[in-house]
J.: 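Handing you a structure now.
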Amino acid sequence: MLLTTTPTIQGRRITAYCGLVFGEVIIGTDFARDFAAGFTNLFGGRSSAYEEALTEARQQAMDEMEKRARAMGANAVVGVDLDYESLGQMMMVSASGTAVTAELLEKE
């Protein structure tokens, strides 16, 4: 399935709009990750533990959105947007877009 942040797909014609689709993932922080991140904050640098967790959550949110788009009969999602929200000790990652069916344009 093609996922794109653009409203159109170059070389393809959108033939049907199936509707909005979403994928949401909420991840919790744990003591070990918070402890390690505290050292990173103290000494500077990047928190690889949090980066890995966010990368995994982002992929899960996009996978969930794609699964819901397939269930609607779509073969692509356009206008994809990713949002991140802090919910106390948890982090929510959400992916949204418009599920569409698209076909290749005929070559001239």
Side-chain angles (χ1 to χ4, degrees):
M1 173 162 304
L2 181 61
L3 306 176
T4 180
T5 58
T6 61
T8 60
I9 305 169
Q10 185 175 354
R12 294 182 182 235
R13 181 171 61 93
I14 294 174
T15 57
Y17 291 86
C18 303
L20 295 174
V21 285
F22 300 91
E24 300 91 3
V25 174
I26 297 176
I27 56 172
T29 59
D30 59 35
F31 176 75
R33 190 178 297 157
D34 286 344
F35 187 73
F39 278 113
T40 301
N41 288 340
L42 183 63
F43 298 110
R46 296 168 57 169
S47 173
S48 62
Y50 278 121
E51 287 177 357
E52 289 172 15
L54 279 175
T55 298
E56 184 177 320
R58 180 177 54 242
Q59 188 60 55
Q60 289 175 0
M62 289 176 26
D63 290 347
E64 183 67 26
M65 180 183 65
E66 181 179 334
K67 183 175 101 175
R68 290 176 179 169
R70 282 189 197 285
M72 297 169 81
N75 64 0
V77 180
V78 297
V80 172
D81 182 50
L82 295 167
D83 290 309
Y84 303 87
E85 288 289 331
S86 177
L87 305 170
Q89 293 295 331
M90 297 184 286
M91 179 71 112
M92 181 176 76
V93 179
S94 62
S96 62
T98 302
V100 300
T101 57
E103 63 185 25
L104 286 173
L105 294 173
E106 292 182 30
K107 293 193 179 216
E108 298 178 10

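Everything numeric here is computed off the predicted structure, so don't read it as measured data.
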J.: Rounded to the nearest 0.5 Å, what separation is found between the CD1 atom of I27 and the CG atom of L54?
T.: 5.0 Å
J.: Can you see which heavy atom on I9 is nearest to which on A102, and at what distance?
T.: CD1-CB, 4.0 Å
J.: Looking at every non-hydrogen atom in both residues, tell me the closest pair between M1 and A69 and how far apart they are.
T.: SD-CB, 3.8 Å
J.: Looking at every non-hydrogen atom in both residues, tell me the closest pair between A99 and V21 and how far apart they are.
T.: CB-CG1, 3.8 Å
J.: Kindly work out whether a path of hydrophobic side-chain contacts (I/L/V/M/F/W/Y, heavy atoms less than 4.5 Å apart) joins L2 to I14.
T.: yes
J.: Rounded to the nearest 0.5 Å, what separates atom CG in D81 from atom OG1 in T5?
T.: 9.0 Å
J.: Taking the side chain as everything from C-beta on, heavy atoms only, tell me whether M91 gets closer than 4.5 Å to E85.
T.: no
J.: Kindly indicate whether the side chain of T55, heavy atoms from C-beta on, has any atom under 4.5 Å from the side chain of R58.
T.: yes
J.: Begin from the C-alpha positions of E64 and Q60 and carry the test side chain to side chain donor-acceptor pair (under 3.5 Å) through to its verdict.
T.: CA-CA 6 Å; E64 183 67 26; Q60 289 175 0; over 6 Å; no
J.: Under a 4.5 Å side-chain heavy-atom rule over Ile, Leu, Val, Met, Phe, Trp and Tyr, are M92 and M90 clustered together?
T.: yes
J.: Is the closest side-chain donor-acceptor distance between T8 and T6 under 3.5 Å?
T.: no
J.: Can you hop from Y84 to M62 via hydrophobic side chains spaced under 4.5 Å?
T.: yes
J.: Could you tell me whether the side chain of V77 reaches within less than 4.5 Å of the side chain of T98, counting heavy atoms only?
T.: no
J.: Which side-chain hydrogen bond (donor to acceptor under 3.5 Å, both in side chains) pairs, counting each pair once, include a residue from residues 12-25, with sequence neighbours left out?
T.: R13-E103, T15-T101, E24-R68
J.: Hey, does V78 have a side-chain heavy atom less than 4.5 Å from the side chain of P7?
T.: no
J.: State yes or no: do V80 and V25 share one hydrophobic cluster built from I, L, V, M, F, W and Y residues joined by side-chain heavy-atom distances below 4.5 Å, directly or via other members?
T.: yes
J.: Report the distance from atom CG of L20 to atom CE of M65, rounding to the nearest 0.5 Å.
T.: 11.5 Å
